[in-house]
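Taking it in order: structure first as C-alpha cells, then the write-up.
Side chains are part of it too, since the values below use all heavy atoms of this structure and drop only hydrogens, waters and symmetry mates. Per chain, numbering begins at 1; letters A, B, ... match sequence-line order.
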Number of protein chains: 2
Amino acid sequence: MSLPHAILTALLEKPSSGLELTRRFDRSIGYFWSATHQQIYRELGKLEKAGLIRALPADSPTRGQRKEYEVLPSGRAELERWVEGRDEPRDPRDPLLLRLRATGVVGVGDGLISELRRHRELHAARLAEYREFQQRDAARGHGTERDRVHGLVLQGGIDLELFWVNWLDKAIDGLDRPEPAEQACGPTT
Amino acid sequence: MSLPHAILTALLEKPSSGLELTRRFDRSIGYFWSATHQQIYRELGKLEKAGLIRALPADSPTRGQRKEYEVLPSGRAELERWVEGRDEPRDPRDPLLLRLRATGVVGVGDGLISELRRHRELHAARLAEYREFQQRDAARGHGTERDRVHGLVLQGGIDLELFWVNWLDKAIDGLDRPEPAEQACGPTT
DNA sequence: CTTCATTGTGCAACTTGTTGCATAATGAAG
DNA sequence: CTTCATTATGCAACAAGTTGCACAATGAAG
C-alpha cells in the first residue's frame, strides 16, 4: 500500500505526467521504492478514479498524449492520514543473504564470491553518488523543513549503502580465508 | 524466485514437513526472507511436481496428515545453479523512509515521530536477540564451513539492525529539534 | 509524404505474496 | 462417545509487482 502514497508525495512536490514520474522515481524516491512506468500509470488511473488526484486540462484527451496530474485536497488528506498511521517493519528480503546461506549446504563456489564483489562495487558506486547529492545539498544550504527531511532520508540511503559495503567486505574476507587465523598479510585486492 | 531456493536450503539442512518449515522460517531464515505457511505449502507442491523434492513415504497419504519432504539430487543441483548465478541488488522498499519523505510536503506530525521511536525499539530488540544467537554460536565453537557461513549471515543481520537503530536515532533527533544548533542538553528520553 | 526512431501512454497476462477460510487427525474434558 | 481445542494441510480469492507488447504523437531523414 505504499506506491500510491509515494506517487501522491511526488505529485505534491511537483505536478507531473506519468513518464515524468517514472523518471523521478528512477532518481530520488526510487532509490528506496522503485516502480516501473506500468505500475505508475495503473496507479495514476486508480488515484484519479478515487478522486485523490486529477488530470490538468489538456488540449486533446487522446491516447499517447501527455497528461499531467495534480493532487486534490482529498489526496493530501489521505497522505497525511497514512503518514501518521502505524506499520510494522518489513524484513530485508535480500536474495544475496539467502544465497550466502545456501552455500552453507552446497559449498562456496567462485560464482558467489565474484557476485559478492560485484555487489560490493555496485553499492560503493551508489554510495559515492549519494555523497555527491549530499555535498550539493549542503552547498545550497538547507533552511526549510523539507530540506532537512530530505537530508535525513538521504542520510538513511548513505548509511544503508555503508552497511552493505562494510558487510560485503567482511563476507568476502571471511569466505576467502577458511580459518579466522591471525595471518597479518594485506588484502588480496 | 527466491522462496523455492530458500525452501530447498532449509530442507537440505533438515528434511521437514510444511508446518515445521513454517516454524523454521519464523526463526533463522525468515529473519531475512519471511514466508507464510500458505506460501510454503504451495511452493512445496510445485517443487514436488517439478521433481526437485519428494515426500518421504508415510503411513496414510490423506489430508491433515503430516508429510515430510526431502531434497532430491535435481533439487540440490538447482540450488547450486542458483547460488552461482547473478542477480541485481534490490532496493530497500521500506515504507518508513517513504513516510518520512512524505512529511517533507505534509509536515511532521507526532504520529510519525512516535512511529520512528517504536521502530527503533523493535530493531533494538531484534538486535539484542541476534547478539544472543551470536554468543551462543561462539560458545559452541565454529569449525565447519557451514558454521562460518551462518556466522557471516548472522553478522549481516546484526549490522543491518545496527544501521536501523543508529539511523532512527539520527532521524528522531533531527526532527525533534528543528535547528541543527549546538544545544548541548541531554536527550529527552 | 513516407519511413523510421523516439517519446509517451496504456492493456493484458503472469508471478509473487497475503488473507480468510475449509478440512482432517488427535487427544483431552465433560 | 461427543464436544472442543490444537496441530497440520490445503484451497480460493485477492493484492502487489513484473514483463511483454501495442498504440499514438512527433519530428527528423530520406
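Across all strands shown, the partner of D:dA13 is C:dT18, judged by Watson-Crick or G-U wobble contacts whose two distances both fall under 3.5 Å.
Within the structure, salt bridge (charged side-chain N to carboxylate O under 4.0 Å, His left out) contacts touching residues 160-170 of chain B (residues at least two apart or in different chains) are A:D159-B:K170, B:R120-B:D169. Identified under the ring pair (Phe, Tyr, Trp, His ring centres under 6.0 Å) test for residues 71-116 of chain B, with sequence neighbours left out: B:H5-B:W82. Sorted by first and then second residue, the salt bridge (charged side-chain N to carboxylate O under 4.0 Å, His left out) pairs involving residues 107-116 of chain B (not counting sequence neighbours) are B:R99-B:E115, B:E115-B:R118. Listed by first and then second residue, the salt bridge (charged side-chain N to carboxylate O under 4.0 Å, His left out) pairs involving residues 29-43 of chain A amount to none (not counting sequence neighbours).
Interface residues of residues 15-23 of chain A facing DNA chain C, ordered by number: A:S17, A:G18, A:L19, A:R23; criterion, heavy-atom separation under 4.0 Å. Using a 4.0 Å cutoff on non-hydrogen atoms, no part of residues 80-95 of chain A comes near DNA chain D. Using a 4.0 Å cut-off on heavy atoms, the residues of residues 32-53 of chain B that approach DNA chain D are B:H37, B:Q38, B:Y41, listed by number.
In this structure, NZ of A:K67 is placed 15 Å from C1' of D:dA25, rounded to the nearest angstrom.
Relative ring orientation between B:W167 and B:W164 is described as perpendicular, the plane-to-plane angle rising above 60° on a 0-90° scale split at 30° and 60°.
A:R126 is linked by a salt bridge (charged side-chain N to carboxylate O under 4.0 Å, His left out) to nothing, counting only residues two or more places apart in sequence or in another chain. Partners of B:S28 according to the side-chain contact (heavy atoms from CB on, under 4.5 Å) rule, which considers only residues two or more places apart in sequence or in another chain, are A:R101. Looking at residues two or more places apart in sequence or on another chain, you find a salt bridge (charged side-chain N to carboxylate O under 4.0 Å, His left out) between B:K14 and B:E20. Listed by chain and number, the residues in a side-chain contact (heavy atoms from CB on, under 4.5 Å) with A:E48 are A:I53, A:A55, A:K67, A:Y69 (sequence neighbours excluded). For A:E145, the salt bridge (charged side-chain N to carboxylate O under 4.0 Å, His left out) criterion is met by no residue, not counting sequence neighbours.
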